[in-house]
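A quick write-up on the structure given underneath.
Below, each value reflects all heavy atoms present in this structure, side chains not excepted, and no hydrogens, waters or symmetry copies.
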Amino acid sequence: MAQGQGRSGGRSQGRNSRRNGLRGGGRDGDREYKGKSRDKIVPRNLGDPEATRKRAAKGKGQGQVRDQRPAKRHAPSGGSLIEGRRAVVEALDAHIPILRAYVSQSATSHDATLDVLVGRLEGEGVRVEVVPRERLDAISSHGAHQGIVAETKPFVYADLEDVIANAGDGDGLVIVLDHVTDEGNFGAIVRSAEIVGAAGVVVAKARSAKVGVGAFKTSAGAVLHVPIAQVPNLATALNRLKKAGFWVGGATEHADQIAWDAPLAGRVALVMGSEGEGISRLVLEKCDFTCKLPQRGVIESLNVAQATTVLAYEWLRRTHGAGE
C-alpha cells in the first residue's frame with residue numbers, strides 16, 4: 001500500500017492457502033505406538049495383524065472396511081492436516097499444536113528416520129496411530145505424505161469482548177481485517193500485531209483466512225499470543241469497538257490524507273482491506289477517518305501484510321514514542 005492497498009488492502013498475488021482435512025472412516029485398521037520402545041508396535045484392539053490385512057483385502061470386494069472407505073476432505077476435529085516428514089518436523093519446531101499423527105503401517109518396521117520422528121511426536125505428547133497406507137493415500141491432498149500425516153488441534157478463537165478487555169481502558173490497537181484471504185498474509189499481520197503490542201486481531205467468519213498451518217508458520221507462532229476474534233459481521237463489530245472508545249481508521253488508496261497526518265495514535269481500530277477488493281463499502285462507511293501510505297516509486301502498492309506492518313509501527317511510534 002504505497003498509495004493505500006487495493007482499495008485499502010493491497011493486491012497480494014498470493015493464492016488462498018489450501019486447507020486439507022482428514023477424511024472420515026473408522027479405526028478398524030488403526031494401531032497405536034505405546035511406550036518408549038520402537039522395536040515393537042503394539043496393536044490396539046485389533047487381534048491378529050494378518051487377519052486385519054485379510055479383512056481389508058476382502059473389504060475391497062464386499063463392502064470396504066471402515067479404514068478403506070472413501071473419505072471426506074476435512075479433519076473430524078476441525079484441525080488441519082500436515083503431510084510429509086519435513087512438514088511435520090517444521091510444525092513441531094513452530095510449536096504448532098498437533099492432536100494426533102497417522103503413520104503408514106508399511107513404513108514402521110524398517111524406517112529409522114520415521115522412527116525418530118515418531119519418538120519426537122510421542123515426546124511432545126502426540127498420539128501416534130499406525131494405519132494402512134491406503135488410508136494415508138485417501139486423506140492426502142497430493143499423495144506425497146511420505147508415510148506420515150499429522151492433524152493439528154482446532155484453533156480456539158477469542159470473542160470480540162476478549163479483544164476489548166485485552167486493550168484495557170487506555171491506548172490500544174485492534175487490527176480489523178476485511179476479508180483478507182491469503183493465510184500467509186494473515187499470519188504475517190498477526191506477527192506484526194504481536195510485535196507492536198496490539199490488543200488483538202478481528203476477522204470475519206466467512207470468506208477470510210483461518211488460523212491454519214500457513215498462518216502458524218508466517219506468524220512465527222504469534223497466533224498463540226494475540227487474541228484473534230472471528231465475528232459474523234464486521235460492521236457490527238466496528239460499532240462495538242466504537243462504543244468501547246476506539247477511533248476507527250481505514251487504510252485505502254482513495255484516502256485524501258497521508259498516514260503521517262492521520263490520527264493513528266491512542267485507541268485505534270485499524271481496518272485493512274482484502275488483497276483484491278480493499279475495504280468493502282459497508283465497512284468503509286463505519287470508518288471515522290481514512291488514510292494511505294505515501295508512494296514515490298512506480299509499482300502499484302505494498303501488499304496488505306506489509307502495509308499493516310507500516311501502519312502498526314506508526315501507531316506504536318505515535319502512541320508510545322520512538323524510544324520504546
Side-chain angles (χ1 to χ4, degrees), residues 17-46 49 52-53 56-57 64-155 183 187 210-218 221 223:
S17 299
R18 291 188 63 182
R19 294 180 56 82
N20 302 320
L22 179 63
R23 297 183 177 186
R27 295 174 179 165
D28 292 338
D30 294 359
R31 298 182 187 176
E32 183 176 0
Y33 278 98
K34 295 186 178 181
K36 296 300 181 182
S37 173
R38 306 295 182 281
D39 296 331
K40 182 178 180 181
I41 300 168
V42 182
R44 180 171 58 82
N45 299 327
L46 283 183
T52 299
R53 186 190 64 77
Q64 295 172 322
V65 295
R66 295 173 66 189
D67 277 332
Q68 305 297 323
R69 269 192 282 185
K72 298 178 181 179
R73 282 288 177 94
H74 60 82
S77 69
S80 300
L81 291 185
I82 304 169
E83 302 179 30
R85 301 178 189 191
R86 182 178 180 84
V88 173
V89 169
E90 290 177 351
L92 287 169
D93 290 342
H95 305 292
I96 297 175
I98 298 176
L99 179 64
R100 63 175 62 89
Y102 301 92
V103 180
S104 172
Q105 185 175 350
S106 61
T108 54
S109 61
H110 54 78
D111 195 321
T113 301
L114 187 60
D115 212 38
V116 170
L117 180 53
V118 167
R120 184 176 175 188
L121 286 163
E122 288 188 334
E124 296 286 339
V126 177
R127 176 182 175 183
V128 179
E129 298 179 10
V130 179
V131 299
R133 184 179 181 88
E134 291 80 7
R135 185 171 180 188
L136 296 187
D137 293 339
I139 65 178
S140 174
S141 64
H142 46 70
H145 51 71
Q146 300 177 304
I148 186 167
V149 175
E151 180 188 350
T152 66
K153 293 180 181 179
F155 183 77
E183 198 170 287
K210 305 295 190 295
V211 178
V213 174
F216 263 100
K217 290 182 178 179
T218 57
V223 293

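For A87, the side chain to side chain contact (heavy atoms under 4.5 Å, CB included) partners are I82, not counting sequence neighbours. Considering only residues two or more places apart in sequence or on other chains, E124 meets the salt bridge (charged side-chain N to carboxylate O under 4.0 Å, His left out) condition with none of them.
Among all heavy-atom pairs drawn from Y102 and L136, the shortest one is CB-CD2, 3.6 Å. Looking at every heavy atom in both residues, R133 comes nearest to S104 through CB-OG, 3.5 Å. Nearest heavy atom pair, residue G212 against residue S80, reads CA-OG, 4.1 Å. Here the closest heavy-atom approach between residue I98 and residue K153 is recorded as O-CE, 3.8 Å.
The line from CG of D93 to CZ of R120 is 4.5 Å long, rounded to the nearest 0.5 Å. With values rounded to the nearest 0.5 angstrom, E83 atom CD is found 7.0 Å from I139 atom CD1. To the nearest 0.5 Å, atom CZ of residue R135 and atom NE2 of residue H145 are 12.5 Å apart.
Residues R85 and L114 are in side-chain contact: their nearest non-hydrogen atoms beyond the backbone lie under 4.5 Å apart. Within the 4.5 Å cutoff, the side chain of L121 has no heavy atoms near those of the V103 side chain.
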Practice prompt. Report the C-alpha separation of Q146 and V88 in whole Å, then their side-chain angles, then the decisive distance to 0.1 Å, and conclude whether the side chain to side chain contact (heavy atoms under 4.5 Å, CB included) test is met.
Written response: CA-CA 11 Å; Q146 300 177 304; V88 173; over 6 Å; no
